[in-house]
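Okay, so here's the structure we're looking at.
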Protein chains: 2
Amino acid sequence: MDVKTRIERALDAAVAQCETADAPPGLAGALRYAVFPGGQRIRPRLTLAVAMACGDDRPAVTDAAAAAIEILHCASLVHDDLPTFDDAATRRGKPSLHRAFSEPLAVLTGDAMIVLAFETLARVGVEAGDRLVPLLLTLGRSTGMPYGICAGQAWEGEQKIDLSAYQQAKTGSLFAGATAAGAVAAGYDPVPWRLLGERLGEAYQCADDICDVAADPEKIGKPVGQDEVHHRPSAARELGIDGAKKRLEKLVKSAIDAVPDCPGRDQLRKAILAQASGFLPQHVKERAA
Amino acid sequence: MDVKTRIERALDAAVAQCETADAPPGLAGALRYAVFPGGQRIRPRLTLAVAMACGDDRPAVTDAAAAAIEILHCASLVHDDLPTFDDAATRRGKPSLHRAFSEPLAVLTGDAMIVLAFETLARVGVEAGDRLVPLLLTLGRSTGMPYGICAGQAWEGEQKIDLSAYQQAKTGSLFAGATAAGAVAAGYDPVPWRLLGERLGEAYQCADDICDVAADPEKIGKPVGQDEVHHRPSAARELGIDGAKKRLEKLVKSAIDAVPDCPGRDQLRKAILAQASGFLPQHVKERAA
């Protein structure tokens with residue numbers, strides 16, 4: 001089974017658990033809307049790539065970890081798009097969830113998805129054995145307080161921003177969670193795998209900053225110019241598009257260098273390079289050149 | 001250690017994990033504000049009472065389960081009070097979280113608390129051993145989709161409400177989670193313990209409906225008359241205050257009857273009766289008499 005199919009099946013299996021006949025239909029529909037169709041699925045691809053490089057000896061655990069990471073990412077998008085944050089009208093080329101459904105349903109969808117992510121791990125908990133606890137802690141660290149994406153979003157509202165803590169929490173944490181979870185799912189120590197995720201997260205954030213300045217909103221399916229509107233730090237505004245593009249290249253190289261020793265190291269490096277080359281859509285690469 | 005101290009210490013230990021020096025201070029403060037000072041702590045008291053009746057052989061696991069249940073309850077209050085739901089100005093006798101901090105912080109606080117609840121269980125995961133998976137699944141079922149409090153809240157926005165599913169999910173689910181978690185934490189099968197929680201949840205909801213009609217908002221620390229404003233089903237409006245009071249008594253009796261066999265059964269029944277007698281504050285008991 002190819003990676004894409006594997007991820008979509010794992011996500012579908014997780015979401016389907018919420019779709020019983022006696023579930024409230026609005027929330028069930030909103031939950032599926034938040035997960036499908038996806039974006040690039042960068043984070044679960046990373047989880048799978050790392051697990052496969054480490055032997056992937058319990059594929060059901062890997063699948064659950066990848067699905068949990070992506071569900072948490074999708075939950076963060078739903079809440080970040082709310083009127084009280086970015087008030088985004090579109091996401092992934094369709095109306096944002098609160099526009100398509102309602103604001104109350106958007107809050108509840110995000111909440112239910114956070115629960116679903118942990119449930120998805122728990123459902124393979126027996127098979128995961130002693131990998132379950134580090135998987136849960138990896139997920140928690142990546143999303144909650146004090147270092148996860150909730151903390152990252154909260155830094156944006158602070159008067160005095162700890163910039164490194166902000167950037168690490170806002171994007172780096174879930175990327176580090178994705179690589180760490182892949183390692184744990186395959187029975188490896190997650191600690192050395194975090195650096196790879198952190199650097200890739202930084203690279204992705206840099207690419208995202210470039211897109212926010214240089215992309216066509218129709219082509220990327222979400223509004224641009226948001227960093228300026230929300231006074232967020234931006235590599236593209238600080239360094240210019242060309243400078244940010246150079247920084248992106250450097251970050252991807254340093255990520256490749258950070259791949260720890262493992263049976264499938266060479267192939268993993270190639271996979272990461274291929275994935276990172278998609279961080280910038282073609283039309284932005286051309287425009288930024 | 002008395003039950004109250006035990007619960008407050010377990011909650012403090014969980015919340016303290018979010019309060020590192022490099023955490024965003026606003027969110028850290030909001031999280032503590034959401035948990036302390038508490039209300040009656042009915043749900044974690046139930047978890048502890050059930051675990052103690054079942055031997056409480058792993059007290060750290062019991063404490064984590066009780067804290068996780070209460071943290072999820074507090075998270076639901078923070079999100080339910082948001083402008084897009086009840087827009088409540090007060091909660092537990094002080095400004096609601098979004099009024100005291102901000103709406104973005106209220107969304108993030110609820111999110112971070114859901115994560116924290118699962119992390120709290122994961123942190124005792126090694127000691128919990130094979131009790132960890134059923135504890136996680138109990139928490140998930142009580143809070144997410146399709147049967148948890150998220151589902152309950154979502155039913156309120158449906159055109160066609162499945163009334164029994166709504167009431168069960170809205171209040172019963174977290175009470176059933178509280179009793180089931182207490183049983184699991186002590187190594188017992190959770191299934192027979194759910195009925196006790198469901199009936200107590202129904203009793204509590206009935207008491208809450210009476211308060212919404214008959215309580216002094218200053219004394220209960222939150223606004224009243226909300227069921228009518230939000231067109232929510234209410235036992236007090238359907239049966240009148242005296243009728244609802246009779247129904248409450250009946251529900252508490254049926255809960256007592258539902259206590260499964262266990263070493264501390266008699267004492268548990270007494271504890272539940274004492275706790276349920278506090279569902280209605282004294283001034284409402286007098287007014288409703």
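By convention in this document, chain letters (A, B, ...) are assigned in the order of the sequence lines, proteins followed by strands, and residues within each chain are numbered from 1. Values below: all heavy atoms of this structure, side chains included; hydrogens, waters and symmetry mates excluded.
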- request: Counting only heavy atoms closer than 4.5 Å, note whether Leu82(A) contacts chain B via side chain, backbone, both or neither.
  value: side chain
- request: Just give me the residue among Ala128(B), Gly26(B), Cys18(B), Ala112(B) that pairs up with chain A most often, heavy atom to heavy atom, under 4.5 Å.
  value: Cys18(B)
statement: So CG of Leu27(B) and CD of Glu158(A): to nearest 0.5 Å the spacing works out to 8.5 Å
- request: Please state whether the side chain, the backbone, both or neither of Leu72(A) comes within less than 4.5 Å of a heavy atom of chain B.
  value: neither
- request: State the OG1-CE distance between Thr20(A) and Met145(B), to the nearest 0.5 angstrom.
  value: 7.0 Å
- prompt: Parallel, tilted or perpendicular: which fits the ring planes of His79(A) and His79(B), with parallel below 30° and perpendicular above 60°?
  reply: perpendicular
task: Report yes if the side chains of Glu119(B) and Leu136(A) come closer than 4.5 Å at any heavy-atom pair, otherwise no.
output: no
message: Do Trp155(B) and Pro25(A) have side chains that approach each other closer than 4.5 Å (heavy atoms only, starting at C-beta)?
response: yes
- request: For each of Gly125(A), Ala154(A), Gly152(A), tally heavy-atom pairs with chain B at distances under 4.5 Å, and name the one with the top tally.
  value: Ala154(A)
query: Would you say Glu228(B) has more than 12 foreign heavy atoms packed within less than 6.0 Å of its CD?
result: no
message: Run the side-chain contact (heavy atoms from CB on, under 4.5 Å) test against Ile7(B) and tell me which residues pass, sequence neighbours left out.
response: Val3(B), Leu11(B), Arg41(B), Pro44(B), Arg45(B), Leu48(B)
field: Among Gly157(B), Gly129(B), Ala122(B), residue most engaged with chain A (heavy-atom pairs, under 4.5 Å)
entry: Ala122(B)
- line: Per-residue tally against chain B (heavy atom, under 4.5 Å) across Ala117(A), Pro146(A), Gly148(A) peaks at Pro146(A)
message: Does any backbone or side-chain atom of Gln159(B) lie under 4.5 Å from a heavy atom of chain A? Answer side chain, backbone, both or neither.
response: neither
- prompt: Mind checking whether Phe85(B) and Val107(A) have side chains closer than 4.5 Å, heavy atoms only?
  reply: yes
message: If we define contacts as heavy-atom pairs under 4.5 Å, which of Asp162(B), Val133(B), Leu31(B), Asp111(B) has the most with chain A?
response: Asp111(B)
- request: Sequence neighbours left out, what pairs pass salt bridge (Lys or Arg N to Asp or Glu O under 4.0 Å) with at least one residue falling in residues 22-39 of chain A?
  value: Asp12(A)-Arg32(A), Glu19(A)-Arg32(A)
Region of Leu132(A) in contact with chain B, defined by heavy-atom distances below 4.5 Å: side chain
message: Counting heavy-atom pairs closer than 4.5 Å to chain A, which one of Thr84(B), Asp130(B), Thr109(B) comes out on top?
response: Thr84(B)
field: Heavy-atom contact with chain B under 4.5 Å, split by part of Leu105(A)
entry: side chain
Interchain contact, Glu103(A) with chain B, by part (heavy-atom threshold 4.5 Å): both
- line: Whatever's closer than 4.5 Å to a heavy atom in chain B on Pro134(A) counts as neither
query: If you count heavy-atom pairs under 4.5 Å between each of Ala151(A), Ser76(A), Ala165(A) and chain B, which one has the most?
result: Ala151(A)
statement: Whatever's closer than 4.5 Å to a heavy atom in chain B on Tyr166(A) counts as neither
- line: Exactly one of Leu139(B), Thr143(B), Val115(B), Leu137(B) clears side-chain contact (heavy atoms from CB on, under 4.5 Å) with Phe118(A), and that residue is Val115(B)
